[in-house]
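For reference, the structure discussed in these notes is given below.
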Amino acid sequence: MIGRRKKRRRNKLSANDNMRRMMFSRRAALVGGAQLGIGGLLAARMGWIAIAENEQWRLLSESNRVQLTLITPRRGWIVDRAGQPIAMNRSDFRVDLIPDRVQNSQEILATLTDLLDLPEDEVARINEDLETAAGAQPVQVAAGLEWEQFAAVNVRLPDLPGVAPVQGFARYYPAGAAVGHLVGYVGAPTREQYLEENENPLLLFPGFKVGKDGLEKTFEETLRGEPGAQRSEVTARGELVRELETRPDRAGETLRLTVDAGLQEYVGRRLGNESGSAVVMNCRTGDVLAMASMPCFDPNSFSDGISHAEYDMLSEDERVPLRNKTLLGMYPPGSTFKPMTALAALSGDVDPEEIVYCGGGYTLGNRRFGCLGVHGPMNLHRAIARSCNTYFYTMGRRVGIQKIAYAARKMGLGAEYPIPVANQNYGTVPDDEWLPRRYDREWTDSDTLNTSIGQGYLLTTPMQLAVMSARLASGRNVVPRLVQGERSQAPLLDGVSQEHIARVRAGMDEVVNGAGTAPRARLPLDGVRLAGKTGTAQVVNLSSGRGGRGVPWRYRDHGLFVSFAPADDPLYACAVVVEHGMSGGRAASPVARDAITYLYDKEIALESLDRLETEWGGDIFTRMARQEAEYRYANGLEQRAGLPTVTPPEPEEDAAMPDGAQQPPQ
Amino acid sequence: MSTNPDSLVPQQIAELPWRTIFLVLAIGGFGMLVLFSAAGGNLQPWAWSHAVRFSLFLAMAIFLSHLREEHWKFFAYPLYVATLIALVGVEALGQVRGGSQRWLDLGFIRIQPSEIMKPVLILALARYYDSLPAAELRRFVAIWPAAILIALPAALVVIQPDLGTTVALAVGGLTVMFLAGLPMRLFIGGALAVAALVPIAFQFLLEDYQRNRVLTFLNPENDPLGTGYHITQSKIAIGSGGLFGKGFLNGTQSHLSYLPEGHTDFVFATMAEEFGLLGGLLLIGGFLLLIRWGLRVGQRSKSNFAKLTSAGLSMTIFFYVAINLMMGMGLAPVVGIPLPLVSFGGSAMMTVMICIGILMSLDRQQRVKR
């Protein structure tokens with residue numbers, strides 16, 4: 001029954017059913033076609049990725065698989081002439097932050113502050129660095145950590161994303177501030193440096209430092225060395241599967257200087273609390289044995305990342321510890337210039353025995369040019385020894401400015417030297433051609449008079465004064481050298497008579513060892529005599545006369561001293577400038593005396609230094625630490641947190657003149 | 001039980017659809033090979049249990065193939081209702097326990113009702129249209145019951161939330177409706193409406209993480225370390241494989257764990273890295289053959305029920321494969337749909353084996369009739 005009913009119904013609807021079947025077939029073909037189409041599309045897409053774009057994906061797969069680790073090269077040492085280290089590397093535990101990977105910087109900083117005992121101003125600095133730092137560039141949290149602190153951070157690493165503990169090397173300068181201006185310092189590369197070097201990945205390496213100033217900067221290329229690389233296969237989680245190949249690093253080359261590390265440190269210490277500079281040279285070869293500019297920053301502080309307080313203290317100090325006074329400080333040479341005037345006079349056929357009577361001054365027209373004393377009858381020898389202005393006014397005016405300027409330039413003033421430093425000033429040797437060009441004014445006799453005694457427009461750097469002394473001492477065309485090379489004596493000066501120079505030298509011998517202005521400079525040694533010339537350079541024109549004790553420090557006269565030893569067969573030359581030291585004989589000449597003494601007898605020299613340092617209150621490190629502590633106390637550390645960013649300074653591009661513009665006297 | 005005197009094997013064995021079984025075995029075996037490599041050349045933890053599971057489900061499919069069309073037809077509605085209840089149950093359980101739960105633990109096996117629903121929905125829809133006279137096809141009664149049949153499970157799945165399965169259910173259901181002969185304009189109009197609604201749905205219906213997946217798919221470079229990372233690493237694996245691949249056991253993306261989910265959702269990338277474009281074409285070809293077989297079963301069938309069921313089940317299998325591969329090649333968002341028979345995991349394999357079992361049963365019916 002049921003079967004029959006079904007059959008009937010099927011027959012009745014068969015027309016519809018047929019239509020339905022056809023429709024199913026059509027639509028099924030459509031669906032099948034669509035599926036086939038999508039299948040084909042997938043196959044084509046896969047072919048495109050795997051064949052056409054294969055190269056690109058293979059590279060990405062390789063860069064996934066292979067991790068390239070840089071091996072930072074060890075920085076070359078800087079050593080003195082005997083191989084004693086001036087700048088070296090010591091192993092260092094440090095902690096960096098990689099801004100890219102830090103998620104909650106405040107939380108992490110709080111943990112680190114806890115673990116590492118970070119002072120408040122350091123936290124402020126880190127925060128500012130984090131804000132300005134770009135992506136992958138590490139920001140230093142702390143360096144020079146104790147092993148226990150370092151380990152404490154390492155243990156908590158899983159909870160501290162973005163924190164990178166680094167065991168590496170830090171630059172170390174054993175003599176600290178005494179060599180600061182000589183070698184400069186190293187620091188983390190800036191973003192600009194990174195871009196300049198075509199995004200060299202080495203510069204992003206945590207803890208990597210580049211030279212920022214001084215020799216560290218000039219010799220960056222040879223000191224840096226070549227980084228090595230380690231290729232290793234790693235998993236996505238950073239686990240090492242196997243090491244593939246290693247290219248070893250090449251350490252930086254050792255830079256050997258002409259400097260005597262012991263003397264350099266001694267001179268730096270001997271300048272004490274004064275603001276000044278001292279240069280010691282071998283007067284035959286030009287080897288610079290010491291060049292110190294004090295006070296100075298401690299290059300170790302800069303290399304470790306300097307704190308706000310310390311940097312502020314340095315930049316606010318009126319004795320400008322951040323300026324290398326040896327090469328950038330410019331001072332009127334004062335009476336130390338008189339040997340030049342003497343050479344000019346001799347070259348102008350002045351008879352050295354001719355007597356000029358000093359009655360306390362010189363009159364030009366209706367102007368009176370004063371002398372410091374009433375010296376009576378003066379010949380050249382005595383005039384140098386007593387530093388008689390009247391004599392040099394007379395003779396300078398007689399031979400004229402051109403001869404004076406000629407002698408000064410011959411002896412190395414007004415010149416830049418081929419030494420590997422970032423900046424040096426060349427000072428001024430004025431003459432009748434220079435003045436109209438510079439100040440649109442004709443040269444007058446009074447300008448000649450001022451120049452004759454080392455005032456007026458004359459400006460020199462301590463390095464130039466040292467070269468001048470060296471050329472006077474040896475009669476050779478000495479050029480300063482900082483880097484050890486082949487040792488050779490400089491050729492004799494031409495265009496200047498050796499006989500004239502010998503006469504001037506005799507006068508300078510008298511300055512120290514006879515009836516002269518620098519009896520304090522006599523060496524405490526048997527058989528070695530120091531010869532020299534004092535100078536006192538006016539800083540401002542005071543109505544009350546010379547800038548001595550009664551005026552504020554920054555208005556006092558500069559004390560200068562140029563010298564050489566032994567007086568009868570000179571080997572060493574030394575120039576000392578003590579800013580606002582009031583007089584060359586009092587402030588500057590004892591420094592030169594002790595420096596030269598050190599070269600002959602270290603014990604005597606160190607004894608006198610020990611006495612002085614006791615008087616000053618400790619050695620450089622102690623005094624600087626105390627100064628910083630006082631500074632921090634006076635400024636209240638809390639308020640430092642909000643100050644604007646301070647990055648370690650790039651060296652000054654141009655140094656201004658020392659305090660107070662120089663003016664011709666009277 | 002008569003035996004064919006010409007044959008050495010019993011008729012029951014000889015009658016099995018061997019070509020299809022070989023095809024399924026080939027795909028599943030290849031999957032096992034890939035899983036073996038994904039574990040760094042180890043049977044554990046994936047390849048062995050994949051093989052065991054595969055064998056069990058294949059046996060189940062062969063068992064299912066012995067059921068008759070009438071059985072499927074008879075059980076279509078009860079199965080649908082039962083699965084729907086299970087879906088509600090899962091949802092209720094999820095509510096009680098907090099968080100979303102997609103499976104029921106029966107002690108010996110965990111069952112995802114949403115997976116079972118895929119073939120069951122096809123059966124129910126085919127059953128409905130089979131009983132609907134052709135004259136009614138152009139009337140409203142041809143639409144709304146089917147729409148309700150689709151909408152109920154889809155709604156339950158979408159709140160789980162499981163967007164991939166929801167779309168799979170909808171696509172399977174719509175395919176059956178389309179093949180049943182509903183007017184073409186309905187589908188064209190519907191497609192236009194969906195196109196218009198997509199932006200609105202994107203804004204208001206999707207969960208945040210789903211929205212992110214879609215956004216990442218459109219622009220994977222925006223999120224190279226999040227979801228975009230998956231797509232990028234998958235493309236690196238496929239692209240670096242080249243024509244012949246890096247060789248069996250030599251994949252670096254998978255072995256060094258750069259490729260996430262290399263044994264489940266991105267198993268195709270694991271395969272392509274080692275076997276290259278060639279392996280990919282073989283696998284795609286294998287799946288297309290399987291799906292073509294399913295459609296053929298439908299076209300050969302006499303009854304509407306068998307036709308619609310076969311086509312719908314083929315579409316279900318196709319949907320898995322197509323979405324999974326598109327996902328791996330960066331053509332679709334990451335929705336977590338495995339590659340059937342190849343990916344490690346039971347649910348999808350069970351669903352696909354059920355589909356294959358039903359298809360074999362319908363196939364067998366015709367051959368036996370013949």
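Order of the sequence lines fixes the chain letters, A, B, ..., with proteins taken first and strands second; residue numbering starts at 1 for each chain. We use all heavy atoms of the structure for the numbers below, so side chains are in, but hydrogens, waters and symmetry mates are not.
Enclosure of atom CZ in Phe74(B) is not indicated, since only 12 or fewer non-hydrogen atoms of other residues, nucleotides or ligands lie within 6.0 angstrom. Under a cut-off of 6.0 angstrom, the local environment of CD in Gln56(A) is crowded, with over 12 non-hydrogen atoms contributed by other residues, nucleotides or ligands. For Arg296(B), the CZ atom is loosely surrounded, since the number of other residues' heavy atoms within 6.0 Å does not exceed 12.
Put simply, CE on Met19(A) and CG on Leu137(B) are 8.5 Å apart, with the number rounded to the nearest 0.5 Å. Taken to the nearest 0.5 Å, the CD atom of Gln35(A) stands 7.0 Å off from the OG atom of Ser314(B). Considering CZ of Arg65(A) and OG of Ser240(B), their distance stands at 10.5 Å, rounded to 0.5 Å. Between the CD atom of Glu273(B) and the CH2 atom of Trp57(A) there is a distance of 13.0 Å, given to the nearest 0.5 Å. Expressed to the nearest 0.5 Å, how far CE of Met184(B) lies from CE of Met23(A) amounts to 8.5 Å. The CZ atom of Arg45(A) sits 4.5 Å away from the CG atom of Leu331(B) when rounded to the nearest 0.5 Å.
With a 4.5 angstrom heavy-atom cutoff, Gln299(B) touches chain A via backbone and side-chain atoms both. Only the side chain of Ile291(B) comes within less than 4.5 Å of a heavy atom in chain A; its backbone stays farther off. With a 4.5 Å cut-off on non-hydrogen atoms, Leu42(A) touches chain B through its backbone and its side chain both. Heavy atoms closer than 4.5 Å to chain A are found nowhere in Phe244(B), neither backbone nor side chain. Contacts between Ile284(B) and chain A at a heavy-atom distance below 4.5 Å involve the side chain alone, from C-beta outward. Both the backbone and the side chain of Phe178(B) come within contact range of chain A, judged by heavy atoms closer than 4.5 Å. Interface residue Leu288(B): only side-chain heavy atoms are found under 4.5 Å from chain A. Neither the backbone nor the side chain of Leu259(B) comes within less than 4.5 Å of any heavy atom in chain A. In this structure, the portion of Thr252(B) lying under 4.5 Å from any heavy atom of chain A is its side chain and not its backbone. Proximity to chain B (any heavy atom under 4.5 Å) is restricted, for Glu233(A), to the side chain, taken from C-beta onward. Phe319(B) does not touch chain A: none of its heavy atoms, backbone or side chain, sits under 4.5 Å away. For Ile238(B), the parts lying under 4.5 angstrom from a heavy atom of chain A are both the backbone and the side chain. Proximity to chain B (any heavy atom under 4.5 Å) is shown, for Met46(A), by both the backbone and the side chain. Residue Leu30(A) touches chain B through its side chain alone, counting heavy-atom pairs closer than 4.5 Å. Interface remark: Ala311(B) contributes side-chain atoms only to the contact with chain A (heavy atom separation under 4.5 Å). With a 4.5 Å cut-off on non-hydrogen atoms, Ala180(B) touches chain A through its backbone but not through its side chain.
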Derivation of the side-chain contact (heavy atoms from CB on, under 4.5 Å) call for Ile236(B) and Arg58(A): CA-CA 7 Å; Ile236(B) 291 176; Arg58(A) 237 187 22 226; over 6 Å; no
Pair Ser61(A)-Lys246(B), side-chain contact (heavy atoms from CB on, under 4.5 Å): steps then yes or no: CA-CA 11 Å; Ser61(A) 156; Lys246(B) 294 174 184 167; 3.0 Å; yes
CA sep, side-chain torsions, deciding dist, call: Leu277(B), Ile51(A), side-chain contact (heavy atoms from CB on, under 4.5 Å): CA-CA 8 Å; Leu277(B) 178 61; Ile51(A) 307 297; 3.8 Å; yes
Evaluation steps, side-chain contact (heavy atoms from CB on, under 4.5 Å), between Phe24(A) and Asn304(B): CA-CA 9 Å; Phe24(A) 176 84; Asn304(B) 269 324; 5.7 Å; no
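Listed here is the closest heavy atom pair of Tyr258(B) and Thr235(A): OH-O, 3.3 Å. Minimum interatomic distance between Leu281(B) and Ala43(A) (heavy atoms only, all atoms of both residues): CD2-CB, 3.6 Å. Closest non-hydrogen pair, Lys235(B) versus Ile49(A), comes out as O-CG2, 3.9 Å.
Heavy-atom pairs under 4.5 Å with chain B peak, among Val241(A), Leu59(A), Val31(A), Leu36(A), at Val31(A). The most heavy-atom pairs under 4.5 Å with chain B, out of Leu60(A), Asn54(A), Ile38(A), come from Asn54(A).
The backbone N or O of Lys302(B) sits less than 3.5 Å from a side-chain atom of Arg21(A), completing a donor-acceptor pair.
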